[in-house]
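Take a look at the structure below.
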Number of protein chains: 2
Amino acid sequence: MPNHSESLDRVFQALADGTRRDIVARLVRGPASVSQLAQPLDMSLPAVMQHLQVLEACGLVRSEKVGRVRTCRIEPQVLRTAEEWIARQRTSWEQRLDRLDDLLAQQPPEQSSEQGSTS
Amino acid sequence: MPNHSESLDRVFQALADGTRRDIVARLVRGPASVSQLAQPLDMSLPAVMQHLQVLEACGLVRSEKVGRVRTCRIEPQVLRTAEEWIARQRTSWEQRLDRLDDLLAQQPPEQSSEQGSTS
DNA sequence: TGGATACTTAAGCAGTCACTTGACTGTCCG
DNA sequence: CGGACAGTCAAGTGACTGCTTAAGTATCCA
């Protein structure tokens, strides 16, 4: 059970900021330079750079410098790993509900005594 | 573009911690008391309580106290909103790729001049 | 060459986070 | 009653965040 994953920590942490989600949402529709990314954002350039560093550190964004322009693009696999962790939890919960429904359908006369330990 | 959503901030922030992901993963397979949740975790009870407060504050977990026992359970809708934000970005990216493929297939002889502004 | 352009680095700062310990409040049960 | 149990409150601490300003460094172009 690798819930203590440095990598998931970093991805969710990166997504936990509206500015960084803005940047991701922008890059999803095509690559952009640092100043193109900064333009709609209400903060200094260095601040934007720091957000980009967070996004690059977790692998959500890759960038490449040509001449004096750094061009950034998203790296959707990492987005997917985060999505998959959530999906795994959700489906796990749905499966549990299904099993519970089955049990209740089969054994009508019984006092509700749930509580964990489905291990 | 509601990327600046307090609520998404809080959910992703909550998921950005391995201990809290452990708790979610545990609750996904059934409700549990605070001390049941704390038992496998290598930290003080108050620390676990604080993690639970974060999870409750963002709506990922709901809890109810009966007698001296507080029972916690997950609230999967919130999990879903986070999943959906990511999915939206990913599918948006995939659609862009498809459009790009179509263009390249139709116009073979052309210099690559991408760069944003698909607005 | 020399001035814009496009980042980059560094330092600093207020605020938040993830814990801790210690003291306390209720509840259950013998 | 009285002690164990389950949880809670409060204060403190060291590390990390998200920003800022000021001062660079590299291109590019007229």
Side-chain angles (χ1 to χ4, degrees), chain A residues 3-24 26-27 31-58 60-73 113 115-117, chain B residues 3-24 26-27 31-58 60-73 113 115-117:
Chain A
N3 290 322
H4 272 287
S5 147
E6 282 279 324
S7 142
L8 275 179
D9 277 18
R10 277 195 293 260
V11 178
F12 283 129
Q13 180 68 12
L15 295 178
D17 181 284
T19 301
R20 281 188 302 255
R21 286 197 304 278
D22 280 346
I23 292 176
V24 167
R26 168 61 189 79
L27 289 180
S33 72
V34 172
S35 28
Q36 280 176 337
L37 291 172
Q39 183 251 309
L41 301 175
D42 190 25
M43 64 184 67
S44 67
L45 235 212
V48 175
M49 291 278 296
Q50 284 163 30
H51 283 302
L52 282 173
Q53 277 161 23
V54 172
L55 290 168
E56 281 208 64
C58 74
L60 270 172
V61 164
R62 185 167 38 94
S63 79
E64 192 186 5
K65 194 160 181 178
V66 175
R68 54 185 170 169
V69 176
R70 175 171 299 278
T71 301
C72 310
R73 55 194 75 228
S113 90
Q115 209 75 323
S117 60
Chain B
N3 290 322
H4 273 287
S5 148
E6 281 278 324
S7 146
L8 275 180
D9 277 17
R10 277 196 294 262
V11 179
F12 283 128
Q13 179 69 4
L15 294 179
D17 181 285
T19 300
R20 282 189 302 256
R21 285 196 305 275
D22 280 346
I23 293 177
V24 167
R26 167 64 188 80
L27 289 178
S33 71
V34 173
S35 27
Q36 281 175 335
L37 290 173
Q39 183 251 309
L41 301 176
D42 189 26
M43 64 183 66
S44 67
L45 235 211
V48 175
M49 293 277 297
Q50 285 166 29
H51 283 302
L52 282 172
Q53 277 162 23
V54 172
L55 290 167
E56 281 209 62
C58 73
L60 271 172
V61 163
R62 184 169 38 96
S63 80
E64 193 187 5
K65 194 163 180 176
V66 175
R68 56 182 166 169
V69 176
R70 175 171 300 275
T71 301
C72 308
R73 57 194 74 230
S113 92
Q115 211 77 320
S117 60

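Every chain is numbered from 1 and lettered A, B, ... according to where its sequence line falls, protein lines coming before strand lines.
- In this structure, A:Gln13 places its CD atom 6 Å from P of D:dG18, rounding to the nearest Å.
- Residue B:His51 places none of its side-chain N or O atoms closer than 4.0 Å to OP1 or OP2 of C:dC17.
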Quick one: side chains of residues 12-20 of chain B, donor-acceptor pairs under 3.5 Å with protein atoms, not counting sequence neighbours, listed by atom name and distance.
residue: B:Asp17; atom: OD1; partner: B:Thr19; partner atom: N; Å: 2.8
residue: B:Asp17; atom: OD1; partner: B:Arg20; partner atom: N; Å: 3.1
residue: B:Arg20; atom: NE; partner: B:Ala14; partner atom: O; Å: 2.8
residue: B:Arg20; atom: NH1; partner: B:His51; partner atom: ND1; Å: 3.2
residue: B:Arg20; atom: NH2; partner: B:Gln13; partner atom: O; Å: 3.1

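- B:Val24 has its side chain within reach of B:Leu55: a pair of non-hydrogen atoms, C-beta onward, lies under 4.5 Å apart.
- Atom CD in A:Gln36 sits about 10 Å away from atom P in C:dA6, given to the nearest Å.
- Look at CZ on A:Arg10: it is 20 Å from P on C:dC17, rounded to the nearest Å.
- At C:dT5, none of the side-chain N or O atoms of A:Ser35 fall inside 4.0 Å of OP1 or OP2 (strictly under the cut-off).
- For C:dC19, the OP1/OP2 oxygens have no side-chain nitrogen or oxygen of B:Ser44 closer than 4.0 Å.
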If you restrict it to nitrogen or oxygen atoms, what contacts under 3.5 Å exist between nucleotides 24-28 of chain D and the protein, and what is each distance?
residue: D:dT27; atom: O2; partner: A:Arg68; partner atom: NH1; Å: 3.2

What pairs of nitrogen or oxygen atoms, one from the protein and one from nucleotides 8-13 of chain C, lie under 3.5 Å apart?
residue: C:dT8; atom: OP1; partner: A:Lys65; partner atom: NZ; Å: 3.3
residue: C:dT8; atom: OP1; partner: A:Arg70; partner atom: NE; Å: 2.8
residue: C:dT8; atom: OP1; partner: A:Arg70; partner atom: NH2; Å: 2.8
residue: C:dT8; atom: OP2; partner: A:Arg70; partner atom: NE; Å: 3.3

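- Rounded to whole Å, the distance from CE on B:Met43 to C1' on C:dT21 is 15 Å.
- In plain terms, the two heavy atoms of B:Pro31 and B:Arg73 that are nearest each other are CG-NH1, 3.7 Å.
- When every heavy atom of A:Leu27 is checked against every heavy atom of A:Cys72, the shortest pair comes out as CD2-O, 3.4 Å.
- Considering every non-hydrogen atom in both B:Arg10 and B:Cys58, the closest pair reads CB-CB, 3.7 Å.
- Atom CG of A:Leu37 is separated from atom P of C:dA6 by 13 Å (rounded to the nearest Å).
- The shortest distance between side-chain heavy atoms of A:Ser63 and A:Leu52 does not fall below 4.5 Å.
- The separation between B:Asp42 atom CG and C:dA18 atom P is 17 Å, rounded to whole Å.
- The separation between B:Asp17 atom CG and D:dT17 atom P is 12 Å, rounded to whole Å.
- Using a 4.5 Å cut-off on side-chain heavy atoms (C-beta onward), A:Val34 and A:Leu45 make contact.
- Rounded to whole Å, the distance from CD on B:Glu56 to P on D:dT8 is 9 Å.
- Using a distance-only test at 3.5 Å, with no hydrogens or angles considered, no donor-acceptor pair links the side chain of B:Arg26 to the main chain of B:Ala32.
- Counting only heavy atoms from C-beta outward, the side chains of A:Ile23 and A:Leu41 approach each other to under 4.5 Å.
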